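Written below as structure tokens is the structure these notes are about.
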Amino acid sequence: MAFVQFSQVSLAFGDRDILKNVSVNLQTGTKAALTGANGAGKSTLIKIMAGLIKPDSGSRSTQKDSRIAYLPQSGLTHQGKTLIDEADQAFEFGYKIQAEIERIGEMLQKNPDNSESLLIQHANLMNTLEESGWHRRRATAESVLTGLGFSRNDFSKMTEEFSGGWQMRIALAKALMQNPDILLLDEPTNYLDIEARTWLEQFLQNYKGGFLLVSHDRYFLDVTINEVYELFGGNLKRYPGNFSHYEKVRAVELETLIAQYEQQQQEIQHLEDYIRRFGAKATKASQAQDRQKRLDKIVRIEIPESLKKIHFSFPKAPHAGKLVLRLNGITKSYDGQNNVLDKLDLILENGERLVVAGHNGAGKSTLLRIIAGEDRNFSGEIIPGAGVQIGYFSQDNAETIKGKESIIDFIEKDAPLELIPKIRDMLGAFLFRGDDVFKSLDVLSGGEKSRIALLKLLLRPVNLLILDEPTNHLDMHSKDVLQDALKDFGGTVIFVSHDRQFIENLATRVLELKPGTFRNFPGNYQYYMERLEAEANDTVGNFSMAQSATGDGKRIVSVSAENSATEKKSSAAQLSYEEQKLLRSERRKKEKEVEQLETEIAKIEEEKKKLEAEMARPEVYSNGEKCRAIQLKINEFSARLDSLNEQWEKAAEALG
């Protein structure tokens, strides 16, 4: 069994301890995540594991011939080869083994009498090469590359033609194709869309080697790993189970610490307030100095950023009518021949949270730019509702963030008055903590500017938010803060995201884009995924509405009914606004019915428990008359529960 083991590893940068006597063992079958606050040293630890950085002390040992592959967060580029030839570089180890096999073969020909040990070496190398999958390298390369989103037309392209995000996909593909004993992946999902992430999830689930990965995608971690290592304050601790389980255990574990932290923060605030108010007054100088000494002596409690409770609300959304937006026949082409969007129709009501889904190149960002008014080179009609005020975010917003102004001054100058006291917390939620808030805008990275642009937008009073990949460059905690704020937002949201859990927790409706077609799913993302799975398996269950454009430009509306394997087609020109509203109204009625039944069931179960507790009292069960009366009521409740549960099952099944 291959392994890489670290014992009592320590590393310090200046006077800061990054790692303190860390020990960990990665081996074949390990499926682990490494977590910790930003700046905790996760990337540093992975580099030590990969053998790229030497620790100050401690030991690193690996089993002989164990192969380790490492993928950094960013910074890798490729040039001078076609994509498929670059992919072949991942199999360099196989070429080396093949060369050694040929060398031994030549030795056997020259000296056949002294062949026993050479034959053993030859057989072992042949076996190693076969088990590595080297002979199937072309098929492996094609499978991995297409799984990560490359088309077969891309195989012959020169690697320098690909953008930075696709360069990192090439690097990820090469790491996976090596089929190493241990995979070390630092933020492998950063540049992947949902389809590529899903493929990577399945790859890692079936991976026979071991892996350790860092990711801010909670869903991705939950479906791929079975243990978590947390790096906090230089110490490393292991938690068995998936990431959600780790979060629950860790939250309970740190409950007391969090309470102590909050109490200490209050004390610090009181001391700082007193010093600020009276430090300059002669009559209070000694008291202020005394409080400063007390403040200096406090040993600050630190807790992981992910466990600090930060919440903020958007400014109140301006009033808008029920109908927020109507799109009629939106068509967009970049080359004049192929339509990215083809006669797309959409009606959006107030309060909806619409996620736009589809593969890369399907037109998601294009549609958002058109709705936001950033792209006016299209045909069709956009009709905004009464009082609609749009706020738009894309990664391009970062380009407008420049100047010598500090981050906090830049944010505060346009923030509503009621949010000024919360600006530091909000900046902290977007990963600007401590002295970071005083950085000049000009020194910020692209990711930092993107976070500033997003926060700036969220402080504006709008009622229609259009967000293109808002979770890029955010950690889990920041995503949670943003997600909660968007859930409480009083307006309407249209968004694109590659973070599945973020989508599942936020979306109330899905618009699926494919080249030349679109489909509208009035339900959450889980319903959408279940529907796609049912279609793939020819087991379509719950009805859904779909629209697509035919070759002559007419609209096809299809509705699938329960247990129908094929969709019934209607020749109506388009599904009307009233029909869409009726579909949503019917679903809301079913949801309300399920909710009412659940409430009534819980109420009767509680009453039944009370009667059963009453029956257990000696003065009751020893009195035949009282006992019979209570038992009669219990029987009535049981019969009522059976009936309600039957109704609930039917209602829940109809809802899907």
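These numbers were taken from a predicted model, which means no experiment stands behind them. Count residues from 1 along the sequence.
Considering every non-hydrogen atom in both Y525 and I194, the closest pair reads OH-CD1, 3.5 Å. When all heavy atoms are compared, the tightest approach of F502 to S497 is CD2-OG, 3.8 Å. The two residues S43 and Q73 come nearest to each other via the heavy atoms OG-NE2, 3.1 Å. Annotation for L200 and P188: closest pair CD2-CB, 4.2 Å, computed over non-hydrogen atoms. When all heavy atoms of A415 and I420 are compared, the pair lying nearest together is CB-CD1, 3.9 Å. Taking all atoms of both residues into account, the shortest heavy-atom contact from L511 to L367 is CD2-CD2, 3.7 Å.
Checked by atom type and distance alone, the side chain of S215 never pairs as donor or acceptor with a backbone atom of E187 at under 3.5 Å. At least one donor-acceptor pair under 3.5 Å links the side chain of S440 to the backbone N or O of G403. T471 places no side-chain N or O within donor-acceptor distance of the main-chain N or O of K479, the cut-off being under 3.5 Å. Between the side chain of K364 and the backbone N or O of H359, at least one donor-acceptor pair lies under 3.5 Å. With hydrogens and angles ignored, the 3.5 Å screen pairs a side-chain donor or acceptor of E352 with a backbone N or O of E349. Using a distance-only test at 3.5 Å, with no hydrogens or angles considered, no donor-acceptor pair links the side chain of R519 to the main chain of L513. A donor-acceptor pair is defined here as one N or O able to donate and one able to accept, closer than 3.5 Å; such a pair exists between the side chain of D335 and the backbone of N338. For the pair D345 (side chain) and G329 (backbone), a donor-acceptor distance under 3.5 Å is present. The closest donor-acceptor contact from the side chain of N463 to the backbone of G387 lies under 3.5 Å.
Not counting sequence neighbours, Y219 has no partner by the ring pair (Phe, Tyr, Trp, His ring centres under 6.0 Å) test. In this view, F489 and F314 satisfy the ring pair (Phe, Tyr, Trp, His ring centres under 6.0 Å) rule, not counting sequence neighbours. In this structure N472 satisfies the side-chain contact (heavy atoms from CB on, under 4.5 Å) test together with Q395, E469, sequence neighbours excluded.
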Yes or no on side chain to side chain contact (heavy atoms under 4.5 Å, CB included) for L192 and H498, after CA distance, side-chain angles and deciding distance? CA-CA 7 Å; L192 303 183; H498 291 155; over 6 Å; no
T331 and N339: side chain to side chain donor-acceptor pair (under 3.5 Å), yes or no, with the steps? CA-CA 7 Å; T331 300; N339 290 339; 5.3 Å; no
Audit row: L204, F220, side chain to side chain contact (heavy atoms under 4.5 Å, CB included) steps and yes/no: CA-CA 10 Å; L204 292 176; F220 176 76; 3.7 Å; yes
Can R218 and D480 be said to form a salt bridge (Lys or Arg N to Asp or Glu O under 4.0 Å), step by step? CA-CA 10 Å; R218 188 181 282 107; D480 291 342; 2.8 Å; yes
Passes side chain to side chain contact (heavy atoms under 4.5 Å, CB included), K456 versus F410? Steps please. CA-CA 9 Å; K456 187 85 166 179; F410 181 70; 3.9 Å; yes
Between D442 and K404, does a salt bridge (Lys or Arg N to Asp or Glu O under 4.0 Å) hold up when you go through it step by step? CA-CA 6 Å; D442 280 343; K404 302 297 182 183; 3.8 Å; yes
Would you please test Q483 and N505 for side chain to side chain donor-acceptor pair (under 3.5 Å) and show each step? CA-CA 8 Å; Q483 174 187 288; N505 289 335; 3.3 Å; yes
Verdict with supporting geometry, L327 and I383, side chain to side chain contact (heavy atoms under 4.5 Å, CB included): CA-CA 6 Å; L327 307 184; I383 306 173; over 6 Å; no
With side chain to side chain donor-acceptor pair (under 3.5 Å) as the test, would you mind laying out the steps for S244 and D222 before giving the verdict? CA-CA 7 Å; S244 291; D222 273 345; 2.5 Å; yes
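Counting only heavy atoms from C-beta outward, the side chains of L34 and D186 never approach each other to under 4.5 Å. Residues L459 and I423 form a side-chain contact, since some pair of their non-hydrogen atoms from C-beta on lies under 4.5 Å apart. The side-chain heavy atoms of H477 and H216, taken from C-beta on, include no pair separated by under 4.5 Å. With a 4.5 Å cut-off on side-chain heavy atoms, L454 and F430 count as touching. Contact of the L467 side chain with the L457 side chain is registered, since non-hydrogen atoms from C-beta on lie closer than 4.5 Å. Contact annotation: the side chain of L474 never approaches that of V481 to less than 4.5 Å [non-hydrogen atoms, C-beta and beyond]. Using a 4.5 Å heavy-atom cutoff, the side chains of V356 and L368 are in contact. Side-chain contact between L185 and V214: absent, with no pair of heavy atoms (C-beta onward) separated by less than 4.5 Å.
The cationic atom of R451 (NZ for Lys, CZ for Arg) lies less than 6.0 Å from the six-membered ring centre of F432 and within 45° of the ring axis. Under a cutoff of 6.0 Å and an axis angle of 45°, K332 and Y334 form a cation-pi pair.
Salt bridge K439/E448: present, at least one basic N to carboxylate O contact under 4.0 Å. A salt bridge links D273 to R276: one of the charged nitrogens lies within less than 4.0 Å of a carboxylate oxygen. Using a 4.0 Å cut-off between a side-chain N of Lys or Arg and a carboxylate O of Asp or Glu, D217 and R197 qualify as a salt bridge. A salt bridge links E253 to R250: at least one charged side-chain nitrogen sits closer than 4.0 Å to a carboxylate oxygen. A salt bridge links R531 with E535: the closest approach of a Lys/Arg side-chain nitrogen to an acidic carboxylate oxygen falls below 4.0 angstrom. Using a 4.0 Å cut-off between a side-chain N of Lys or Arg and a carboxylate O of Asp or Glu, E374 and R369 do not qualify as a salt bridge. The pair R500-E504 meets the salt-bridge criterion, with a side-chain N (NZ, NE, NH1 or NH2) lying under 4.0 Å from an Asp/Glu carboxylate O. No salt bridge links E399 with K449; every basic N to acidic carboxylate O contact stays at or beyond 4.0 Å.
Here the OG1 atom belonging to T224 is positioned 5.0 Å from the CG atom belonging to L213, to the nearest 0.5 angstrom. Atom OG of S450 is separated from atom CG of D396 by 9.5 Å, given to the nearest 0.5 angstrom. Put simply, CD1 on I452 and CG on L427 are 5.5 Å apart, with the number rounded to the nearest 0.5 Å. The CD atom of E412 sits 8.0 Å away from atom OG of S406, with the distance rounded to the nearest 0.5 Å. Between the OG atom of S394 and the CD1 atom of I466 there is a distance of 11.0 Å, given to the nearest 0.5 Å. Atoms OG1 and CG, on T508 and L506 in that order, are 8.0 Å from each other to the nearest 0.5 Å.
No more than 12 heavy-atom neighbours from other residues, nucleotides or ligands sit within 6.0 angstrom of CD on Q263.
Looking at N397 and T400, their side chains never bring a donor and an acceptor atom within 3.5 Å of each other.
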